[in-house]
There are 2 protein chains.
Amino acid sequence: MGETNGVHWLDDGQQAAWRSFVVGNARFWEALSAAHDAELDLNLGEYTLLVQLSEQPDRTQRMSALADGLVLSRSRLTHTVARMEQRGLVSRCPADGDRRGVNCRMTDLGYAALVAAAPGHVRAVRRLLVDILDPEEMQALGRIMGKIGAAARHELTGDPRAC
Amino acid sequence: MGETNGVHWLDDGQQAAWRSFVVGNARFWEALSAAHDAELDLNLGEYTLLVQLSEQPDRTQRMSALADGLVLSRSRLTHTVARMEQRGLVSRCPADGDRRGVNCRMTDLGYAALVAAAPGHVRAVRRLLVDILDPEEMQALGRIMGKIGAAARHELTGDPRAC
DNA sequence: ATGTTGTAGTTGAGATCTCAACTATCTCAT
DNA sequence: ATGAGATAGTTGAGATCTCAACTACAACAT
């Protein structure tokens with residue numbers, strides 16, 4: 001099928017699905033980010049970072065683990081955390097056991113900000129995603145994006161194994 | 001189900017699907033963007049813009065239509081096009097019929113760059129998405145993201161109708 | 001014809017992100 | 001113990017993006 005110059009182009013159905021993915025995604029994140037900016041005191045990135053921290057023991061996590069979990073570059077995380085530290089949402093201290101390491105810890109102020117923002121965030125996620133889809137579609141989306149994410153991770157880390 | 005303080009939190013299955021979506025998405029775009037940076041002379045944004053132009057009559061489109069099609073802000077598009085114009089990939093000229101309007105046109109150099117980049121782009125999209133999924137999953141993804149994108153558009157434009 | 005409101009696009013300043021160094025520490029084989 | 005990589009995190013400069021003006025024109029009612 002559709003091969004020219006040795007390149008396997010996408011057929012019409014694949015093209016259409018790919019377009020929906022690109023455009024739908026862009027619109028979704030734009031809308032979710034806009035909802036944060038309009039109603040909440042934490043933008044989407046800050047909120048996501050605090051959620052991740054809130055799930056760690058002592059609300060603390062190593063910078064590198066945080067970067068991996070949030071799919072952010074080390075550098076970007078450093079800058080983001082520096083800004084959030086200025087606002088008093090998180091604090092940094094040396095990790096114990098590895099003197100290279102740095103722990104990032106959510107402050108009480110950060111926790112309060114997270115609690116204040118959570119309802120608005122969840123409402124937006126429901127309005128824009130969960131309530132839009134049938135339960136089976138939501139489940140399918142999770143499964144499909146899991147596969148996509150795993151494939152991308154393998155490519156990014158040069159990791160050939162399927163874990 | 002899961003309601004506290006009048007907020008309808010997500011249940012475990014919804015949470016898991018949402019996480020897969022967030023992380024899978026981030027990884028996918030990171031990997032696709034990295035593939036462009038590593039192998040191609042057009043980054044993902046430039047490539048997408050040129051694809052959009054390539055599908056227009058005379059490879060030309062109004063700035064506003066281009067911004068809508070690519071889900072970019074007007075400002076961001078202006079800056080991006082200005083950079084691409086510097087590189088000779090596109091050119092701008094007044095639109096006829098509306099003296100406020102500006103047309104963006106892909107140059108021959110832009111077309112050549114697009115043609116050169118297309119095989120690598122398609123290979124990456126296959127490797128990271130199309131070949132990862134079963135055909136039914138690819139189709140489902142397109143349908144689901146179409147619904148999500150439509151909902152987001154309604155919210156962004158304040159448009160209550162489901163077209 | 002005039003005024004009012006909406007649309008198209010740009011601009012520049014500040015915020016954010018990327019990329020390539022760079023320091024410091026750890027790991028581990030010799 | 002020592003030296004050669006690997007890993008953790010930061011830094012700063014340059015690239016890119018956002019946001020709020022701003023100009024210019026169009027549409028439309030009075």
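Just so we're on the same page: letters track the sequence lines, and every chain starts at 1.
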For this session: Decide yes or no for B:Asp98 and B:Arg62: does some side-chain heavy atom of the first lie under 4.5 Å from some side-chain heavy atom of the second?
Result: yes
Problem set entry | A:Thr80 vs C:dC17: side-chain N/O to OP1/OP2 distance below 4.0 Å | yes
Exercise. Closer than 4.0 Å, any side-chain N/O of A:Arg62 to the OP1 or OP2 of D:dG9?
Worked result: yes
For this session: Map B:Val102 and A:Ser73 onto DNA chain C by nearest heavy atom, then report which one ends up closer to the 5' terminus.
Result: B:Val102
Problem set entry | Result of checking B:Ile132, B:Leu129, B:Asp131 against B:Met138 for side chain to side chain contact (heavy atoms under 4.5 Å, CB included) | B:Leu129
For this session: Provide, to the nearest angstrom, the distance between the CE atom belonging to A:Met84 and the P atom belonging to C:dC17.
Result: 12 Å
Problem set entry | Those residues of residues 36-48 of chain A lying under 4.0 Å from DNA chain C by at least one heavy atom | none
For this session: Please state how far atom CG in A:Leu66 lies from atom C1' in D:dT10, giving the value in whole angstrom units.
Result: 15 Å
For this session: Step through the shown structure and confirm whether more than 12 heavy atoms of other residues, nucleotides or ligands are within 6.0 Å of CD on B:Gln139.
Result: no
Seminar exercise, completed: A:Arg100 has its side chain closest, among D:dG9, D:dA6, D:dC17, to D:dA6
Problem set entry | Spacing between A:Arg76 atom CZ and C:dA15 atom P, to the nearest angstrom | 17 Å
Exercise. In terms of side-chain geometry, is the basic nitrogen of A:Arg76 or B:Glu30 positioned less than 4.0 Å from the acidic oxygen of its partner?
Worked result: no
Exercise. Roughly, in whole Å, what's the span from CG in A:Leu72 to P in C:dT16?
Worked result: 14 Å
Problem set entry | Below 4.0 Å: OP1/OP2 of D:dC17 and any side-chain N or O of B:Arg83 | yes
Problem set entry | B:Arg143/A:Glu137 salt bridge by N-O under 4.0 Å criterion | yes
Exercise. With sugar-phosphate meaning primed atoms plus P, OP1 and OP2, does A:Arg99 contact a base, only sugar-phosphate, or nothing at under 4.0 Å between heavy atoms?
Worked result: sugar-phosphate
Problem set entry | B:Asp134 CG: over 12 foreign heavy atoms closer than 6.0 Å | yes
Seminar exercise, completed: Residue pair A:His79/A:Gly101 against DNA chain D: nearer the 5' end by closest nucleotide is A:Gly101
For this session: Looking only at side-chain atoms of A:Asp98, point me to the closest of C:dT25, C:dT16, C:dG6.
Result: C:dT25
Exercise. Quick one: is D:dA8 close enough that its OP1 or OP2 comes under 4.0 Å of any side-chain N or O from A:Arg74?
Worked result: yes
For this session: Can you tell me the distance, in whole Å, between the CZ atom of B:Arg92 and the P atom of C:dA8?
Result: 17 Å
Problem set entry | Gap between atoms CG and C1', on B:Leu77 and D:dT18 respectively (whole Å) | 14 Å
Exercise. Any side-chain heavy atom of B:Val125 sitting closer than 4.5 Å to one from B:His121?
Worked result: yes
Exercise. Looking for any heavy atom pair under 4.0 Å, which part of the strands does B:Ser64 touch: base, sugar-phosphate only, or nothing?
Worked result: sugar-phosphate
For this session: Answer yes or no: is there a side-chain heavy-atom contact under 4.5 Å between B:Asn103 and B:Arg105?
Result: no
Exercise. With nearest nucleotides of DNA chain D determined for A:Met63 and B:Ser75 from heavy-atom distances, which residue corresponds to the more 5′ nucleotide?
Worked result: A:Met63
Problem set entry | Value in whole Å for how far the C1' atom of C:dA15 lies from CD of A:Gln86 | 14 Å
